[in-house]
Engineer: 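Take this structure first; my questions come after.
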Protein chains: 2
Amino acid sequence: MRDESGSGETDWLSGTEQAAWRALLDSTRMLFAALDRQLAADSDLTLTDYDILVRLSEAPNNRLRMRELADLTLSTRSGVTRAVTRAEQAGWVRRVECEEDRRGMNAELTEAGRAKLAASAPGHVRAVREMLIEQLTAEQLGQLTEIGRRVQDKITLK
Amino acid sequence: MRDESGSGETDWLSGTEQAAWRALLDSTRMLFAALDRQLAADSDLTLTDYDILVRLSEAPNNRLRMRELADLTLSTRSGVTRAVTRAEQAGWVRRVECEEDRRGMNAELTEAGRAKLAASAPGHVRAVREMLIEQLTAEQLGQLTEIGRRVQDKITLK
DNA sequence: CGATATTAGTTGACGGCGCAATGACCTCGG
DNA sequence: CCGAGGTCATTGCGCCGTCAACTAATATCG
């Protein structure tokens, strides 16, 4: 199956390249699954839910347009609609109509949402620290950031 | 919200730690989504489907127990049952009963499955190379492997 | 100004996946 | 040899997410 001779032939991954790719694939799958489990068990939250609470808590006035939320969480508009609906039913978020664009909707963090985030953040951060941060040297930490940025840029510009 | 004073207080992520974590989170999400799109568009495959074909193609006799397949793909038994059913309906895989354990099932790659893999692999590999491998220095490649291993070990041993 | 294209958000249909329960089978200690 | 407990694969159920279609509002351009 491997053939380096022709001009349009496939440039297969070398052993070390494949090792890196699979290590990334497997470790991130495990990491996300583990974090999801931790959040579900300790706080009855999804990583998605948590992400939404965080983004809103960081936004000016604790509110964001649905579209912005979709962009920030790398999700789709419909995904955000449903996630915000769930969060709204749980009381963590409230929908506020947009003044300057009558099509628009803002999701706004409620007091209960802030409290929920405050209650779940320590456990989540602890998990991220244990499973990821503590496994890295300072140099690796920087390189991970750099790698992530480059991959994001590459994909964005395609 | 931040408070370093007490004994049981939360050890928040520093700026660089958070940057690394978010870079990893976002870049891998984008990467997986982009690879899924590429496979779907060019080969009408999921990354999961592709992974199953690869694992079977690497196994002795092109067959694996359902349990082994679940372990290798970091999925659940039920997930594998459904994925194999889909692959079977597409003609890429055949179920073969297990000789030495009458509970057991083997998933076996068919000729059509091998052909499907051969047809889709080049495009997939090209995408992985463009989006990930080419963005890395040789050193980063090695560190990514190392980081992935450590994260996997940490989570496995919990 | 008015027609057309674009954008925001929602919804219905659909698919993938995990959990828990199930039935068949294996294993091992007494 | 038998029964308790574990394992294998499957399935029903429900959740979550995407795609495509839709409505409403805005932007653009002749």
Side-chain angles (χ1 to χ4, degrees), chain A residues 28-41 43-53 56 63-90 92-108, chain B residues 25 28-30 32-41 44-53 56 63-90 93-108:
Chain A
T28 50
R29 273 186 187 165
M30 290 177 69
L31 181 59
F32 295 161
L35 290 174
D36 254 328
R37 278 196 303 273
Q38 183 274 322
L39 275 173
S43 308
D44 195 36
L45 277 179
T46 297
L47 199 48
T48 305
D49 298 333
Y50 183 84
D51 202 14
I52 285 180
L53 296 185
L56 290 179
R63 58 166 62 176
L64 284 172
R65 291 288 293 268
M66 302 298 276
R67 179 56 155 77
E68 298 178 288
L69 208 39
D71 290 345
L72 288 171
T73 59
L74 299 176
S75 175
T76 58
R77 287 175 188 70
S78 63
V80 169
T81 292
R82 295 176 203 284
V84 166
T85 300
R86 288 195 300 274
E88 196 175 24
Q89 283 164 352
W92 306 323
V93 161
R94 135 178 75 237
R95 273 184 168 87
V96 180
E97 289 184 11
C98 193
E99 300 285 321
E100 62 282 11
D101 184 343
R102 275 190 293 172
R103 293 168 303 182
M105 268 300 186
N106 286 293
E108 183 181 293
Chain B
L25 184 66
T28 50
R29 272 186 188 167
M30 289 178 68
F32 295 161
L35 291 173
D36 255 327
R37 277 196 303 272
Q38 183 274 323
L39 276 173
D44 196 35
L45 277 178
T46 296
L47 199 48
T48 306
D49 298 333
Y50 183 85
D51 202 15
I52 284 180
L53 297 183
L56 289 178
R63 58 166 62 176
L64 284 171
R65 291 286 295 268
M66 301 297 277
R67 179 58 154 78
E68 299 179 287
L69 208 40
D71 290 345
L72 287 171
T73 59
L74 299 175
S75 174
T76 59
R77 287 180 186 72
S78 65
V80 169
T81 292
R82 296 173 207 282
V84 166
T85 300
R86 288 195 301 272
E88 197 175 23
Q89 284 165 351
V93 160
R94 136 176 76 237
R95 273 184 167 85
V96 181
E97 288 184 10
C98 194
E99 300 285 322
E100 61 282 11
D101 184 343
R102 276 191 291 174
R103 292 168 302 180
M105 267 300 188
N106 285 293
E108 183 182 293

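Protein chains get the first letters and strands the later ones, always in sequence-line order, with residue 1 at the start of each. All values below come from the heavy atoms of this structure, side chains included, with hydrogens, waters and symmetry mates left out.
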Engineer: Return the set of residues passing side chain to side chain donor-acceptor pair (under 3.5 Å) with A/Asp101 (not counting sequence neighbours), or none when no residue passes.
Structural biologist: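 Applying side chain to side chain donor-acceptor pair (under 3.5 Å) to A/Asp101 gives A/Arg103.
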
Engineer: For A/Arg95, what residues pass the side chain to side chain donor-acceptor pair (under 3.5 Å) criterion, not counting sequence neighbours?
Structural biologist: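 Here the qualifying residues are A/Thr85, A/Glu88.
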
Engineer: Run the side chain to side chain contact (heavy atoms under 4.5 Å, CB included) check on A/Arg86 and A/Asp49 step by step: do they pass?
Structural biologist: CA-CA 9 Å; A/Arg86 288 195 300 274; A/Asp49 298 333; 3.9 Å; yes

Engineer: Would you compute the distance between atom OG1 of A/Thr73 and atom CD of A/Glu68 and round it to the nearest 0.5 angstrom?
Structural biologist: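 One gets 11.5 Å once the value is rounded to the nearest 0.5 Å.
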
Engineer: Please enumerate all residues that pass side chain to side chain contact (heavy atoms under 4.5 Å, CB included) together with A/Asp36, with sequence neighbours excluded.
Structural biologist: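 Counting only residues at least two positions away or on another chain, A/Asp36 forms a side chain to side chain contact (heavy atoms under 4.5 Å, CB included) with A/Thr46, A/Leu47.
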
Engineer: Would you jot down, in residue-number order, the residues of residues 74-84 of chain B having a non-hydrogen atom under 4.0 Å from DNA chain D?
Structural biologist: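 Of all residues in residues 74-84 of chain B, the ones placing a heavy atom under 4.0 Å from DNA chain D are B/Arg77, B/Ser78, B/Thr81, B/Arg82.
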
Engineer: Answer with base, sugar-phosphate or nothing: what part of the nucleic acid does B/Thr48 contact at a heavy-atom distance below 4.0 Å?
Structural biologist: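 The answer is sugar-phosphate, as B/Thr48 gets under 4.0 Å only of primed atoms, P, OP1 or OP2.
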
Engineer: Reading DNA chain C in the 5' to 3' direction, which nucleotide is the first one with an atom under 4.0 Å from a heavy atom of chain A, and which is the last?
Structural biologist: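 Under 4.0 Å from chain A, the extent on DNA chain C is C/dT7 to C/dA13.
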
Engineer: Near DNA chain D, which residues from residues 31-38 of chain A have a heavy atom under 4.0 Å away?
Structural biologist: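 Within this stretch, nothing sits under 4.0 Å of the strand.
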
Engineer: What pairs with A/Arg37 under salt bridge (Lys or Arg N to Asp or Glu O under 4.0 Å), at least two apart in sequence or on another chain?
Structural biologist: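 By the salt bridge (Lys or Arg N to Asp or Glu O under 4.0 Å) rule, A/Arg37 matches no residue at all.
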
Engineer: Might you list the N or O atoms of the protein lying below 3.5 Å from N or O atoms in nucleotides 21-23 of chain D, with each pair's distance?
Structural biologist:
none

Engineer: At a cut-off of 3.5 Å, list every protein nitrogen or oxygen paired with a nitrogen or oxygen from nucleotides 26-28 of chain D, distance to 0.1 Å.
Structural biologist:
| unit_1 | atom_1 | unit_2 | atom_2 | d |
| --- | --- | --- | --- | --- |
| D/dT26 | OP1 | A/Arg102 | N | 3.4 |

Engineer: For A/Ala107, what residues pass the side chain to side chain contact (heavy atoms under 4.5 Å, CB included) criterion, not counting sequence neighbours?
Structural biologist: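 A/Ala107: side chain to side chain contact (heavy atoms under 4.5 Å, CB included) contacts with A/Leu56, A/Met66, A/Leu69, A/Val84, A/Val93.
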
Engineer: Under the salt bridge (Lys or Arg N to Asp or Glu O under 4.0 Å) rule, what pairs show up with a residue in residues 70-84 of chain B, not counting sequence neighbours?
Structural biologist: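 Non-adjacent pairs meeting salt bridge (Lys or Arg N to Asp or Glu O under 4.0 Å): B/Arg67-B/Asp71.
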
Engineer: Among all residues two or more places apart in sequence or in another chain, which pass the side chain to side chain contact (heavy atoms under 4.5 Å, CB included) test with A/Leu35?
Structural biologist: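 Partners of A/Leu35 under the side chain to side chain contact (heavy atoms under 4.5 Å, CB included) test: A/Leu31, A/His124, A/Ala127, A/Val128, A/Met131, B/Trp21.
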
